[in-house]
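These notes are about the structure you will find just below.
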Protein chains: 2
Amino acid sequence: MKFPKIPMAAINRLSIYIRALEELEEQGTKVISSERLAKQCGVNPAQIRKDLAYFGEFGVRGVGYRIEDLIREIKEILGLDRTWNIAMIGVGNLGSALIRHGNFIKHGYVFAAAFDIDPHKIGKRLPNGLVIHHIDDLEKVVKECDIHIGVIATPASAAQSVANQLIIAGVNGILNFAPAQIQVPECCHVENVDFTIKLDSIAYHLSTTGT
Amino acid sequence: MKFPKIPMAAINRLSIYIRALEELEEQGTKVISSERLAKQCGVNPAQIRKDLAYFGEFGVRGVGYRIEDLIREIKEILGLDRTWNIAMIGVGNLGSALIRHGNFIKHGYVFAAAFDIDPHKIGKRLPNGLVIHHIDDLEKVVKECDIHIGVIATPASAAQSVANQLIIAGVNGILNFAPAQIQVPECCHVENVDFTIKLDSIAYHLSTTGT
DNA sequence: TTTTTTATGTGATTTAATTCACTTTAATAA
DNA sequence: TTATTAAAGTGAATTAAATCACATAAAAAA
Ligand SMILES: NC(=O)c1ccc[n+]([C@@H]2O[C@H](COP(=O)([O-])OP(=O)(O)OC[C@H]3O[C@@H](n4cnc5c(N)ncnc54)[C@H](O)[C@@H]3O)[C@@H](O)[C@H]2O)c1
Ligand SMILES: NC(=O)c1ccc[n+]([C@@H]2O[C@H](COP(=O)([O-])OP(=O)(O)OC[C@H]3O[C@@H](n4cnc5c(N)ncnc54)[C@H](O)[C@@H]3O)[C@@H](O)[C@H]2O)c1
C-alpha cells in the first residue's frame, strides 16, 4: 500500500476490533480469521483486512491473525502502548461520575488532575485521591503532571474559554461533553460527545418506522 | 427530489443545525442563509441545502431560511414535535448523573422511570421524584408510563439481558452506554455511546502529529 | 515432495456521500 | 415595470468509502 489517506472511520473501527479481540483473548482464543472477527464486530471481513492494511501486514495467510500480536499492533497504531494523563475540567455531576468510573484506567487513561472554578470545590479531595485545583492553575499543573488530554465537563457557556486555557497550557487533545461547538487551532484535536444528538437519531427512527 | 435514501450523517447534522438555530433565535436573529449557518456549524453550505432538500423546500430563494419556521420543520422531521418518555436502566454512577442532568428535558426527553436490580436501591426516591423500580417490573411500568426509549447504564455484562427485556416490553429505541455490542431485532434502533473510542481517536491524533 | 486447503492482502469495482456549478425564484432598486 | 441582486434548490461531477473477487502465501494432507 502506497500513500493511503486513512479514513477516520477506520481508526474508530480499530478501537472496536481491540474490544472484541480482548474479549476473545480472555476466553482463551489464540487466533482468529477476519471473517469471524467481522461477524463479532458487525462489519465486512474485507473491511477489517483493509483497515489493517493501511498500517502493515499483521496476519498469516491461510491461518488468520494471532490475537495477542494483533492487539499489541493495534495498540501501537493508536498510540495506546503507553498511558495518557488526563485533566478533568468541571467536577460537577458528569465530571465526578467520569472520574469515579474505573473503566478508563483499564485502557490506559489516567485522570491525573481535576479543575473547577467553584470556590466551594477548590481544595476538596475526590474519592480517588485527586485534589480539585482552581482552573487558573491549569497551565502549572498540566506541566507538573505531564497531561496531554483535557476533558471538558463544564457548562456550555464556559466551554470555549476552558478550551482556550487548555491550548495555552499545551493540551492538544480535547474530549468535549458540553453541547457547544468549540473553535481550536489546527494543532488541536477535538472530539465531541453529545448524547442528545444520539437521542434525536433514535427519535427519528421511532417516528419514521411506526412509533 | 424523487426517492432519496437519506444518509444517516444527514440526520445527525439536522440535530446540529437545530442547536445552532436555537442559539441564533435566542440572539434575536430571524433569518439566516445556508452560508452563514454552514460557517457556524462547520460544514459546507451545499451540504445544508441538500440535507434539507431530502425532506422538502424550507427556504426562500434570494433571502434564506426563516429561523423560527426552520426549527419547527426540522423538529417535525426528527420527530421532536412531541415529548419522549425514557426509562433509565441502571441507576449507578452514570445513570444518576444523567437523570440529574437538566438538559434533556429542554429537548423534550423526559426520564419517566428508573430501574435497577440492586435491592438496596429499589424503592429509593431520586432527587427529581422518581422511584427506582425493580428491573422485573420493566414491562408493567413501560406500559403505564408510555415509555418508548430505554437508556442502558448497567455494567456491560448485563447489557444484553437488559436489551432483551426492553424489547419484550415494547421499547424499540435504545441508547447504550455499556461498552458491549448488543444484538437486537430489526425493529429496534440502538445508538451506542462509548467514550473510550473517542479517547482512542484523540490518542491516535496526538501520537501521529508529534505528541 | 507435491497437492490441497485456507484465509490474507490488494487492485478493481461498486456504492455512497459530498461538493460544485448552474438554474430558478423572490425581493429590491432603478 | 424592468433590471439587478441574492440565495435556495438541484443535476452533474467529484471524492471518499466499502465491497468484491482473485492472486498469493502459509500450513496441512497426501
Ligand atoms: N450530566 C450529564 O449527564 C450530562 C449529559 C450530557 C451533557 N452534559 C454536559 O456536560 C456538562 C457538565 O454537566 P454537569 O451535569 O456535570 O454540570 P454541573 O453543573 O453539575 O457541573 C459543571 C461544573 O463545571 C464547573 N465550572 C463552571 N465553569 C467553569 C470554568 N470556567 N472552569 C472550570 N470549571 C467550571 C462548575 O463549577 C461545576 O462544578 C454540561 O455542559 C452538560 O450540558 C452533561
Ligand atoms: N460512569 C461513567 O462515567 C461511565 C463512562 C463510560 C461508560 N460507562 C458505562 O456505563 C455503565 C454504567 O456505569 P456506572 O459507572 O454507572 O456503573 P455503576 O456500577 O455505578 O452502576 C451500574 C448500575 O446498574 C445496576 N445493574 C446491574 N445489573 C442490572 C440489571 N440487570 N438490571 C438493572 N440494573 C442493573 C447496578 O445495580 C448499578 O446500580 C457501565 O457499563 C460503564 O462501563 C460509564
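Note on naming: letters A, B, ... go to the chains in the order of the sequence lines (proteins, then strands), and numbering restarts at 1 for each one.
Mapped onto DNA chain D by nearest heavy atom, B:Glu57 and A:Val43 fall at different nucleotides, with B:Glu57 at the one closer to the 5' end. Closest-nucleotide positions on DNA chain D for A:Ala46 and B:Val60 were compared, and the one nearer the 5' end corresponds to B:Val60.
With A:Leu166 as reference, A:Leu138 is the one residue of A:Ile149, A:Leu138, A:Val184 to meet the side chain to side chain contact (heavy atoms under 4.5 Å, CB included) rule.
Of the candidates D:dC20, C:dT10, C:dA27, the closest approach to any side-chain atom of A:Arg49 belongs to C:dT10. Of the listed nucleotides (C:dT10, C:dT18, D:dA17), D:dA17 has the atom at the smallest distance from the side chain of A:Pro7. The side chain of A:Arg13 approaches D:dA18 more closely than any other nucleotide in the set C:dT18, D:dA18, D:dT10.
Looking only at distances, a side-chain donor or acceptor of A:Asn85 sits under 3.5 Å from a matching main-chain atom of A:Cys145.
In this structure, NZ of A:Lys5 is placed 17 Å from P of C:dT18, rounded to the nearest angstrom. Between the C1' atom of C:dC20 and the CG atom of B:Asn44 lies a distance of 9 Å, rounded to the nearest Å. Rounded to an integer number of Å, the gap from A:Asp51 CG to C:dT8 C1' is 14 Å. A straight line from CZ of B:Arg61 to P of C:dT23 spans 13 Å, rounded to a whole angstrom. Look at CG on A:Leu14: it is 14 Å from P on D:dA17, rounded to the nearest Å. In this structure, A:Gln47 places its CD atom 13 Å from C1' of C:dA16, rounding to the nearest Å. Nucleotide D:dC20 holds its C1' atom 16 Å from the CD1 atom of A:Ile48, rounded to whole Å.
B:Ser34 has no side-chain polar atom (N or O) that falls below the 4.0 Å cut-off from OP1 or OP2 of D:dA7. For the OP1/OP2 pair of C:dG9 and a distance below 4.0 Å, the side-chain nitrogens and oxygens of A:Tyr65 include at least one atom meeting the criterion. Using a 4.0 Å cut-off, no side-chain N or O of A:Ser33 falls inside it from OP1 or OP2 of C:dA7.
Residues B:Tyr109 and B:Leu80 have side chains in contact (heavy-atom distance under 4.5 Å, counting atoms from C-beta outward).
With respect to the salt-bridge test (charged N to carboxylate O, under 4.0 angstrom), the residues A:Asp51 and A:Arg13 qualify. A salt bridge is absent between A:Glu76 and A:Arg72: the closest approach of a Lys/Arg side-chain nitrogen to an acidic carboxylate oxygen does not fall below 4.0 angstrom.
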